[in-house]
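No experiment lies behind these values; they were computed from the predicted model shown. Computed over heavy atoms, backbone and side chain alike; hydrogens, waters and symmetry mates excluded.
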Amino acid sequence: MSVRVRFAPSPTGFLHIGGLRTALYNYLFARHNDGKFVLRIEDTDQSRYVEGAEQDIIDSLEWAGMKIDEGPGKGGDHGPYRQSERKDIYHKYAEQLVEQEQAYYAFDTVEEIDEMRERLKKSGNPSPKYDSITRQSMKNSLTLPQDEVEKRLENGDEYVIRLKVPRKESIRFEDEIRGHVSFETEGLDDQVLLKSDGMPTYHLANVVDDHTMEITHVIRGEEWLSSTPKHILLYNAFGWDAPIMAHLPLIMSPSGGKLSKRNAESEGIPVNTKDYISGNYEPDALVNFLAYLGWSPGDDSEIHTMEELCDLFTLDRVSKGGAVFNYKKLMWYNENYIREHSVEELKPRVEALFLGKGFEIPDDDFLTTVIELLHERVSKVDEFTSMGAFFFEAPTAYDEKALKKWKDDSPMLVQSYKARIEQLSEDEFEAVTLKDKLKETIEEHDVGFGKLMMPLRIAVSGQGFGPDLFPALELIGKEEIIKRIDTALNKL
RNA sequence: GCCGCGUUCGUCUAGGGGUCCAGGACGCCGCCCUUUCACGGCGGUAGCACGGGUUCAAAUCCCGUACGCGGUACCA
């Protein structure tokens with residue numbers, strides 16, 4: 001049987017980075033096994049539906065380099081791939097369960113259920129359930145006379161369909177990642193399968209879809225582990241074989257807890273994939289990083305392309321414990337990938353970034369040189385424009401920290417250097433010569449290299465760090481450099 | 001509360017009874033390279049949650065405790 005996996009997010013907002021990793025593991029597993037990667041949109045909660053979320057999911061997957069085999073907009077033999085378009089299917093299956101007496105209609109209002117729970121709580125039951133005991137005193141097709149049930153149905157009274165969860169039964173299953181897992185049905189509510197708005201709940205829709213879409217492996221976050229017995233119960237009720245389950249460890253925030261908008265952004269970690277896109281992160285770096293958050297190939301390797309990851313990925317190497325998101329490691333990956341990308345690869349993106357900042361690029365050689373000069377020093381592609389702005393315009397301000405290196409003798413030294421390079425013709429204004437002139441200057445005044453270097457760098461770029469200075473001076477050109485030195489001498 | 005899952009350096013992890021006084025990576029620190037900033041190279045720092053078993057031998061197996069996380073909805 002060929003492998004089919006699915007990524008099944010709900011369109012309730014932008015795609016979360018944890019969701020992206022779940023998608024990634026599904027994708028890697030599919031590719032590794034020559035299987036299919038299906039996207040299914042779980043839009044059964046109309047109140048939480050967010051316009052544009054589905055597109056965001058699709059865009060995010062594409063950006064990260066995951067190709068969908070079947071899904072909305074893409075098509076396939078198992079559609080539709082949006083749950084809101086499969087209502088009839090769920091109805092049919094829910095009714096089937098009622099007929100089989102494995103489920104029943106319930107007419108209780110939310111208020112009535114709350115009341116029941118409150119009452120039981122007061123009488124000492126800490127976690128009251130709508131279960132095999134309490135359902136006997138509620139308004140449902142198990143307690144109401146047959147004709148009243150029919151009348152209510154005909155009248156169009158609101159109802160839900162609930163699963164008849166057995167009273168005391170052990171549900172055991174094998175999880176690919178965790179091994180043996182078992183739950184008792186005691187402690188489970190009679191799950192609502194069909195909501196009063198006609199939509200299925202996650203549990204029903206998920207099971208029906210996974211079965212009808214012929215999903216072989218369910219790879220999802222650990223937050224679903226305790227729902228799995230409900231799903232097993234459903235598979236059993238339908239007489240279907242359950243797919244193989246694999247529950248992934250959660251991605252945690254450095255401050256503790258499941259990575260969420262709240263606890264992540266306060267740590268400087270973007271949570272939505274779109275933030276990584278607009279933040280100019282390298283998709284292959286993020287993918288590499290995410291793959292290693294909860295999985296490792298077992299050797300000492302760290303850097304792998306998507307293709308290599310597809311090759312290496314197996315579920316038995318996924319770890320069980322939650323993994324804390326390490327932003328610095330992500331940045332390390334990002335730097336690595338930038339360095340691995342050639343100047344030619346980088347060029348269009350960097351050009352767009354510079355243009356976006358309103359800088360005019362004189363010619364292609366100029367851009368090439370700028371990128372070459374900054375290539376090894378940049379950890380995110382947008383730093384080309386922050387670190388490299390001075391190639392295009394004179395510094396508008398001088399970095400305060402850098403200014404500490406602007407000492408009493410700095411003006412004199414800079415002045416002295418300026419006098420020397422002013423003598424140079426345009427042709428002579430090149431890196432080697434400029435460096436020689438600096439040597440001459442420091443020798444004359446008997447000071448160390450840094451004594452002149454730093455002030456010069458500050459005068460020209462406004463910063464205390466940056467690319468190799470002499471080629472930068474050459475690129476910017478004599479006239480402009482002299483001008484910047486004069487300005488600095490004036491201001492500082 | 002109840003149920004479930006987890007726990008190896010600060011973080012991601014390797015390791016699944018002897019080869020482990022625990023290996024790699026990020027971070028941090030130091031040195032070298034570079035008369036600048038980086039890159040790079042080299043080295044250092046730091047860990048088997050705790051307590052009981054089982055065994056000649058336990059990071060590895062079992063039990064318990066602690067801690068963390070998740071779930072407990074007509075949300076997914």
Side-chain angles (χ1 to χ4, degrees), chain A residues 8-12 42-45 47-48 83 106 108-110 113-114 117 121 125-127 129-130 158-162 175 177-179 181-184 186-189 191-203 205-206 220-230 247 249-250 252 254 256-258 289 292-303 317 319-333 335 339 373-379 387 402 405 435 438-439 442 448-454 456-457 461 463-470 472:
Chain A
S10 19
T12 54
E42 308 222 328
D43 53 347
T44 55
D45 187 349
S47 64
R48 291 211 299 158
Q83 290 185 330
D108 322 272
T109 63
V110 237
I113 297 168
D114 284 348
R117 291 201 163 113
K121 221 169 205 167
N125 184 340
S127 50
K129 298 268 177 299
Y130 195 123
E158 286 206 341
Y159 70 92
V160 300
I161 293 182
R162 281 180 185 269
D175 186 281
I177 293 165
R178 278 145 225 288
V181 180
S182 86
F183 287 86
E184 301 300 319
E186 193 179 25
L188 246 45
D189 270 284
Q191 289 305 128
V192 170
L193 266 21
L194 208 64
K195 299 187 272 190
S196 55
D197 66 358
M199 280 291 196
T201 57
Y202 171 86
H203 306 296
N206 201 257
R220 69 217 316 188
E222 192 188 349
E223 71 266 32
W224 295 109
L225 188 60
S226 29
S227 295
T228 307
K230 302 170 188 172
H247 288 91
L250 261 20
M252 318 293 277
K258 178 160 85 162
F289 169 74
Y292 272 72
L293 256 193
W295 171 88
S296 85
D299 55 24
D300 288 342
S301 63
E302 299 279 343
I303 310 274
R317 298 210 57 88
S319 41
K320 303 186 209 329
V324 175
F325 192 107
N326 184 346
Y327 187 77
K328 285 193 168 161
K329 186 138 192 187
L330 201 217
M331 289 315 287
W332 175 76
Y333 272 113
E335 278 170 29
R339 274 178 231 128
L373 254 22
L374 294 166
H375 201 179
E376 306 280 276
R377 292 152 228 264
V378 144
S379 55
M387 213 180 277
K405 301 275 180 165
K435 192 169 185 178
L438 185 130
K439 280 182 197 160
I442 60 168
F449 206 74
K451 281 283 190 186
L452 210 198
M453 195 72 214
M454 260 304 169
L456 188 57
R457 186 184 280 284
S461 74
Q463 297 165 330
F465 57 88
D468 196 357
L469 193 53
F470 303 105

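- Across all strands, A:Gly298 comes closer than 4.0 Å only to sugar-phosphate atoms, never to a base (heavy-atom distances).
- In this structure, A:Leu293 places its CG atom 17 Å from P of B:C69, rounding to the nearest Å.
- Nucleotides B:C39 and B:C28 have their P atoms positioned 10 Å apart, rounded to a whole Å.
- What separates CG of A:Leu225 from P of B:G68 is a distance of 20 Å, to the nearest Å.
- Residue A:Asp175 contributes atom CG, which lies 10 Å from atom C1' of B:C5 at whole-angstrom precision.
- Contact annotation for A:Gly221: no contact, since no heavy-atom pair falls under 4.0 Å across all strands.
- Under the 4.0 Å criterion applied to side-chain N and carboxylate O atoms, A:Asp108 and A:Arg162 are not assigned as salt-bridge partners.
- A:Gly448 comes within 4.0 angstrom of nothing in the nucleic acid, heavy atoms only.
- Using a 4.0 Å heavy-atom criterion, one finds that A:Val160 contacts the bases of the nucleic acid, with or without backbone contacts as well.
- Pair assignment for B:U11: B:A25, on the basis of Watson-Crick or G-U wobble contacts that are both within less than 3.5 Å.
- A:Lys439 comes within 4.0 angstrom of a nucleotide base, judged by non-hydrogen atoms across all strands.
- Judged by Watson-Crick or G-U wobble contacts below 3.5 Å, the nucleotide B:C69 has B:G4 as its partner.
- Using the Watson-Crick or G-U wobble rule with both distances under 3.5 Å, B:A46 pairs with nothing in any strand shown.
- Contact annotation for A:Ser47: no contact, since no heavy-atom pair falls under 4.0 Å across all strands.
- Between the P atom of B:U36 and the CG atom of A:Leu469 lies a distance of 12 Å, rounded to the nearest Å.
- Within the shown strands, nothing qualifies as a pairing partner of B:U34 under the Watson-Crick or G-U definition with both distances less than 3.5 Å.
- Contacts of A:Thr44 with the nucleic acid, taken as non-hydrogen atoms under 4.0 Å apart, involve only primed sugar atoms and P, OP1 or OP2.
- Atoms CZ (A:Arg178) and P (B:G71) sit 13 Å apart, rounded to a whole Å.
- Between the CD atom of A:Glu223 and the P atom of B:C75 there is a distance of 17 Å, rounded to whole Å.
- With centroids closer than 5.5 Å and planes inclined by less than 30 degrees as the test, A:Phe449 and the base of B:U35 pass as a stacked pair.
- Base pairing analysis places B:C39 opposite nothing; no Watson-Crick or G-U wobble pair with both distances below 3.5 Å involves it.
- Regarding A:Asn206, its CG atom lies at a distance of 15 Å from the P atom of B:C75, rounded to whole Å.
- Evaluation of atom-type donor-acceptor distances gives a pair under 3.5 Å for the side chain of A:Ser127 against the base of B:G1.
- Between A:Lys258 and B:G71, a side-chain N or O to OP1/OP2 separation shorter than 4.0 Å is present.
- Contacts of A:Asp114 with the nucleic acid, taken as non-hydrogen atoms under 4.0 Å apart, are absent.
- Taking the six-membered ring where tryptophan is involved, the planes of A:Tyr202 and A:Trp224 are essentially parallel, since the angle between them stays under 30° and well short of 60°.
- The distance between atom OH of A:Tyr333 and atom P of B:C12, rounded to the nearest whole Å, is 13 Å.
- When heavy atoms are screened at a 4.0 angstrom cut-off, A:Phe183 is found touching the sugar-phosphate backbone but no base atom.
- A donor and an acceptor atom sit less than 3.5 Å apart, one in the side chain of A:Ser196 and one in the base of B:C74.
- Heavy atoms of A:Thr12 sit nowhere under 4.0 angstrom from any nucleic acid atom.
- Using a 4.0 Å heavy-atom cutoff across all strands shown, A:Glu302 reaches at least one base atom of the nucleic acid.
- By the rule that a glycosidic angle within 90° of 0 means syn, B:C56 does not qualify and counts as anti.
- Residue-level contact check: A:Gly322 touches the backbone only, with heavy atoms under 4.0 Å from sugar-phosphate atoms and none from bases.
- When heavy atoms are screened at a 4.0 angstrom cut-off, A:Met331 is found touching no nucleic acid atom at all.
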